[in-house]
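Each remark here refers to the structure printed beneath this line.
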2 protein chains.
Amino acid sequence: MSDHLDLPTRRPVPLPLLGDPPPERADAARNREALLVAAQELINHCGIDAVTMEAVAHRAGVGKGTVFRRFESREGLMGALLNFSETAWQASVISGPPPLGPGADPWDRLAAFGRSRLETTMVSADLIRAAGHAGTRSYAAYSFAAMHVRHLLAELRVEGDVPLLATALMAPLEVWVLDQQVRVEGIGVDRVYEGWLDLARRIVRPT
Amino acid sequence: MSDHLDLPTRRPVPLPLLGDPPPERADAARNREALLVAAQELINHCGIDAVTMEAVAHRAGVGKGTVFRRFESREGLMGALLNFSETAWQASVISGPPPLGPGADPWDRLAAFGRSRLETTMVSADLIRAAGHAGTRSYAAYSFAAMHVRHLLAELRVEGDVPLLATALMAPLEVWVLDQQVRVEGIGVDRVYEGWLDLARRIVRPT
DNA sequence: GAATAAAACCGGACCAGAGTCCGCTTGAGG
DNA sequence: CCTCAAGCGGACTCTGGTCCGGTTTTATTC
């Protein structure tokens, strides 16, 4: 990942529907951005362990309290960082090129989903672990992926408790499981993927 | 879980094969025991958050350093606690009554395995989470269960990459997944179990 | 456009708990 | 009894997280 963090530049006017979260004050927004950049740089240069709340604050030129107000906790900060790649991933599922994006047939999309998730999870493993949330990505992120899988399973006419089957497909792709297999047991990523495909086949295969 | 911790009483002579870890000194052993008891009581009476290393040490009447020397870390302490129930569970798999123990046919044993694991995991959820290890039980404990599943799958003449399929069966039974389903999504335990059984069926079903 | 009041924000002192260190004590073998 | 490795304790450090008095931004009013 590059040092440069692509923060969305000046999105169109927020259109303040009333009853909505009031927009952030200008200085607050500036600080949030500075903090995210600082954190990302810290990760890139010194590894995730160097990402101390105090270090981030210092590098961004603000006080520690500010970091906590903006991101709630260390996990929250990590989650925010993770959010960028997660959002990009979601975009490529929604409107990217097939087979991950729409256009391919459901089975191919499912296969592409598995491969893609496997890879992004491995790449962001440190971040995901640090983001905690009981270890999984934020609920929003998780449920998007789950929804996608349920959708594909439905298109594939899978019978049974689709939500649970979706979970069964996603669980083996979680960080800890992957870590165990790849780092501890030394299983290659390709073999893990083949295994996952086999699992998917068994789940999808008509009764 | 009762307050009383069944520490194994005087196992048969350790038979010091040389090159082995030298046995613990008497005072050390006494302290380890006292610490485990103290920790368990603290959990029972005040919840897992009250289990501070300092609190445990104080309750056991020793210094903080001692706790760390014996258990390495908070996670280690939790792991040691978890070890008791885990060991008991392993015993009932190895030599308990069917269908969990030997004697029943492999499919029934697999089903019993799933149910049993689901329940013990839910019961010890706090402890498992606190024991960390990237969230899963210790490697030894994990690999025993994995071995058992691989064994059953083999008996059931399942074709394919059995180790990976075993992982696929265990992953949905991990704490975080269960937490997500039961606590966040409000799915009942019975339904989760039914879903798991269905998964198992699809994995086992001959091609 | 200036004055003003309220709300949001800021910083860093402060607290708690995990983990480390090192000089003192104790238990087990000779 | 003597020796010395092992064990012990608690002071110390480091980091996540909380708090509150002072400051800045924004909205409002004239």
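Letters A, B, ... mirror the listed sequences (proteins, then strands); counts begin at 1.
Ring planes of Trp89(A) and Phe144(A): perpendicular class, angle over 60° (limits at 30 and 60°).
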- Under the salt bridge (charged side-chain N to carboxylate O under 4.0 Å, His left out) rule, what do Asp27(B) and Arg32(B) come out as? Steps first, then yes or no, please. CA-CA 9 Å; Asp27(B) 51 350; Arg32(B) 134 168 295 125; over 6 Å; no
- Message: Would Trp176(B) and Glu174(A) count as a side chain to side chain contact (heavy atoms under 4.5 Å, CB included) here? Give the steps.
- Response: CA-CA 10 Å; Trp176(B) 323 279; Glu174(A) 291 288 335; over 6 Å; no
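For Asn31(A), no side-chain nitrogen or oxygen approaches OP1 or OP2 of dC9(C) to under 4.0 Å. Not one side-chain nitrogen or oxygen of Arg74(A) sits closer than 4.0 Å to the OP1 or OP2 atom of dT15(D). For the pair Ser73(A) and dG16(D), the criterion of a side-chain N or O lying under 4.0 Å from OP1 or OP2 is not met. Regarding contacts with the backbone of dC8(D), a side-chain N or O of Arg70(B) is found under 4.0 angstrom from either OP1 or OP2.
Rounded to an integer number of Å, the gap from CD of Glu54(A) to C1' of dC14(C) is 12 Å. As rounded to whole Å, 8 Å separates atom C1' of dT15(D) from atom CZ of Phe68(A). Nucleotide dG17(C) holds its C1' atom 15 Å from the CD1 atom of Ile48(B), rounded to whole Å. dC9(C) atom C1' lies 13 Å from atom CZ of Arg32(A), rounded to whole Å. Rounded to an integer number of Å, the gap from CD of Glu72(A) to P of dC9(C) is 13 Å. Per the geometry, CG belonging to Leu35(B) stands 14 Å off P belonging to dA18(C), to the nearest Å. Summarising the geometry, the separation between NE2 on His58(A) and P on dG11(C) is reported as 13 Å, rounded to the nearest angstrom. Between Arg69(A) atom CZ and dG11(C) atom P there is a gap of 8 Å when expressed in whole angstrom units.
Ion pairing of Asp126(A) with Arg129(A) is present here, as a side-chain N (NZ or NE/NH1/NH2) and a carboxylate O approach within less than 4.0 Å.
When each of Asp27(B) and Val51(B) is assigned the nucleotide of DNA chain C with its nearest heavy atom, Val51(B) is the one assigned upstream, toward the 5' end. Comparing Arg30(B) and Lys64(B) by the nucleotide of DNA chain C whose heavy atom lies nearest to each, the residue mapping closer to the 5' end is Lys64(B).
Thr66(B) places no side-chain N or O within donor-acceptor distance of the main-chain N or O of Val62(B), the cut-off being under 3.5 Å.
Comparing dG7(D), dG17(C), dT15(D) by their nearest atom to the side chain of Thr52(B) picks out dG17(C).
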